Amino acid sequence: MHDIKAIRDNPLAFDAGLARRGLAPLSVSLLALDEQKRETMQKLQDAQSRRNALSKEIGMAMGKKDVALADKLKAEVAGLKDAITQGEEQERVQTKALNDALAVIPNIPLATVPDGKSEHDNVEVRIWGEKPVKNFEPQQHFDIGEGLGLMDFEIASKLSGARFVVLKGALARMERALAQFMINLHTDEFGYSETYAPYMLREEAMYGVGQLPKFEEDLFKTTSGHYLIPTAEASLTNLVREQVLDEAKLPIRMTAYTPCFRAEAGAAGRDTRGMIRQHQFSKVELVSITTPEQSDAEHERMTGCAEEVLKRLNLHYRTIVLCTGDMGFGSRKTYDIEVWLPGQNAYREISSCSQFGEFQARRMDARCKAAEAKQARYVHTLNGSALAVGRTMVAVLENYQNDDGSVTIPEVLRPYMGGMTVIKRP
RNA sequence: GGAGAGGUGGCAGAGUGGUCUAUUGCGACGGUCUUGAAAACCGUAGGGGGUGCAAGCCCUCCGGGGGUUCGAAUCCCUCCCUCUCCGCCA
């Protein structure tokens with residue numbers, strides 16, 4: 001959510017920011033709404049002020065039992081009533097119009113974000129490891145999983161339709177092992193505090209992180225009116241909503257392992273086979289709440305925490321910074337981590353680490369204050385996947401596959417899998 | 001799911017239509033006193049918004065939203081939340 005006052009102060013900078021996202025200028029129309037609203041407020045407040053003064057006089061007249069004077073004053077204030085009623089209604093309508101307009105405008109990219117139109121303009125910032133050399137034609141993860149008899153899309157579709165999977169035996173255990181490994185890394189070594197939070201959220205919370213109102217079609221909604229979380233970011237970030245935090249306690253770092261539910265409304269025909277794009281998948285999420293000064297460094301740190309998961313699994317990846325045209329709605333800078341998939345012969349997104357500035361904080365009313373400061377200010381929020389568990393399993397299967405169809409288990413996962421070293425075909 | 005009681009400033013807790021500009025206490029901050037502290041005493045305080053160079057002035061906020069009224073913390077409607085009892089339940 002943007003600050004209308006900031007737009008008022010510097011409309012050209014705002015429009016220039018939108019232009020970097022490939023959007024038409026909006027400051028003129030926004031400021032017109034703002035102008036109308038303030039004009040209404042001015043008139044309304046004048047009328048309210050006079051009403052308050054007269055009402056007080058009525059009260060005093062009644063106290064003195066001077067009914068004649070009271071009636072005279074009542075007649076006078078009655079003339080204000082229409083103006084006040086109309087003014088209140090008008091202010092309500094105009095405020096809503098302005099807020100509705102602001103609520104669907106994406107965040108402005110940071111200066112360090114490269115300009116560009118699409119994913120083709122993203123810029124690689126670093127690359128780690130190397131593509132594994134195989135002396136056979138690598139298979140895709142679904143062929144490997146089905147070959148092992150432990151990954152079943154057919155039965156999943158009977159239960160739930162397309163974009164679901166059933167994992168069995170060692171693969172079901174690997175899903176759990178990956179999550180345990182990731183959570184332990186982030187809590188034990190990186191200082192994130194493990195958190196268990198709701199998977200169903202109210203509309204206000206979804207609005208707070210920017211999922212609503214613009215992306216309702218991507219969400220699942222229950223008969224109770226709750227929304228299923230598309231990411232634990234939604235739950236974790238909202239944990240600081242409507243609060244003023246002590247700056248000395250920042251940054252707050254949280255992590256959670258949760259299922260994620262996505263309607264994938266606009267993804268028809270994309271990644272239809274396999275586990276890459278599912279309605280339900282699990283993910284270990286990182287969320288940081290920081291001061292404005294801390295957020296840039298925290299963003300780098302967080303991305304590093306996510307990358308460390310891949311390093312320990314010895315999976316080749318590259319990190320890219322998304323260009324202005326490819327960033328998500330609320331982000332002002334995003335790093336994607338793309339892992340190498342030999343079966344697909346491609347890099348695929350496995351993590352996305354974003355910083356939002358105060359964009360979400362404004363929507364949630366999450367602020368912080370230093371002990372010596374007079375004024376509270378908005379916190380900065382960040383989040384990153386570390387990692388998407390399903391896609392990590394895909395990467396393990398494709399990178400650790402052997403020519404006999406078996407899959408070697410990465411060393412760091414073995415303690416979580418009862419010492420198992422390889423998953424063999426039946 | 002049923003019945004009932006509640007939601008007021010950092011906290012506790014008054015306030016059932018008009019000098020509420022929200023009582024009081026605790027805590028906080030500033031001061032007086034003191035070598036220093038405690039105590040006592042005096043004083044200051046919140047959020048959002050409009051306007052103004054500024055000092056200030058004005059509007060709004062007693063869980064959210066709407067309504068009645070000249071006037072609402074107080075009355076009405078509605079939603080949310082908390083607590084108690086009952087029912088069901090991993």
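Proteins get letters first, then strands, A, B, ... in listed order; numbering begins at 1 in each. Values below: every heavy atom of this structure, side chains too, minus hydrogens, waters and symmetry copies. Bear in mind the structure is a predicted one, so any value in this text is a computation, not a measurement.
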Can you tell me how far [atom1] in [N] sits from the matching atom in [M], rounded to whole Å?
| N | M | atom1 | result |
| --- | --- | --- | --- |
| rG9(B) | rG2(B) | C1' | 36 Å |
| rG1(B) | rC76(B) | P | 25 Å |
| rG65(B) | rU16(B) | P | 24 Å |
| rU74(B) | rG17(B) | C1' | 7 Å |
| rC29(B) | rU35(B) | C1' | 24 Å |
| rC20(B) | rG36(B) | C1' | 43 Å |
| rG71(B) | rU21(B) | C1' | 15 Å |
| rG18(B) | rA72(B) | P | 11 Å |

Inset, instruction - Measure centre to centre between the rings of Phe14(A) and His2(A), then say whether the value is under 6.0 Å. - result: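 When the ring centroids of Phe14(A) and His2(A) are compared, they turn out to be within the sub-6.0 Å range.
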Inset, instruction - Assess the pair Phe215(A) and Phe329(A): is the distance between their ring centroids shorter than 6.0 Å? - result: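 Yes: the rings meet the under 6.0 Å criterion.
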Legend entry - Criterion side chain to side chain contact (heavy atoms under 4.5 Å, CB included) against Tyr192(A), the qualifying member of Leu185(A), Val284(A), Leu286(A), Leu236(A):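 So, applying the side chain to side chain contact (heavy atoms under 4.5 Å, CB included) to Tyr192(A) and each of Leu185(A), Val284(A), Leu286(A), Leu236(A), only Leu286(A) qualifies.
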Inset, instruction - Determine which nucleotide pairs with rC83(B), using a 3.5 Å limit on both distances of a Watson-Crick or G-U wobble pair. - result: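 Paired with rC83(B), as far as the under-3.5 Å criterion goes, is rG4(B).
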Inset, instruction - Could you please name the partner base of rC29(B), counting Watson-Crick and G-U wobble pairs only when both distances are under 3.5 Å? - result: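 rG43(B) - that is the nucleotide pairing with rC29(B), both distances being under 3.5 Å.
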Inset, instruction - Looking at every strand, decide which applies to Arg8(A) at a 4.0 Å heavy-atom threshold: base, sugar-phosphate, or nothing. - result: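 Contact class for Arg8(A): sugar-phosphate only.
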Inset, instruction - Describe the nucleic acid contact of Ile58(A) in one word from base, sugar-phosphate, nothing, applying a heavy-atom distance below 4.0 Å. - result: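 Contact class for Ile58(A): base.
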Legend entry - Smallest separation among heavy atoms of Arg202(A) and Tyr227(A), with atom names: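 Looking at all heavy atoms of both residues, the shortest contact is C-CD1, 4.4 Å.
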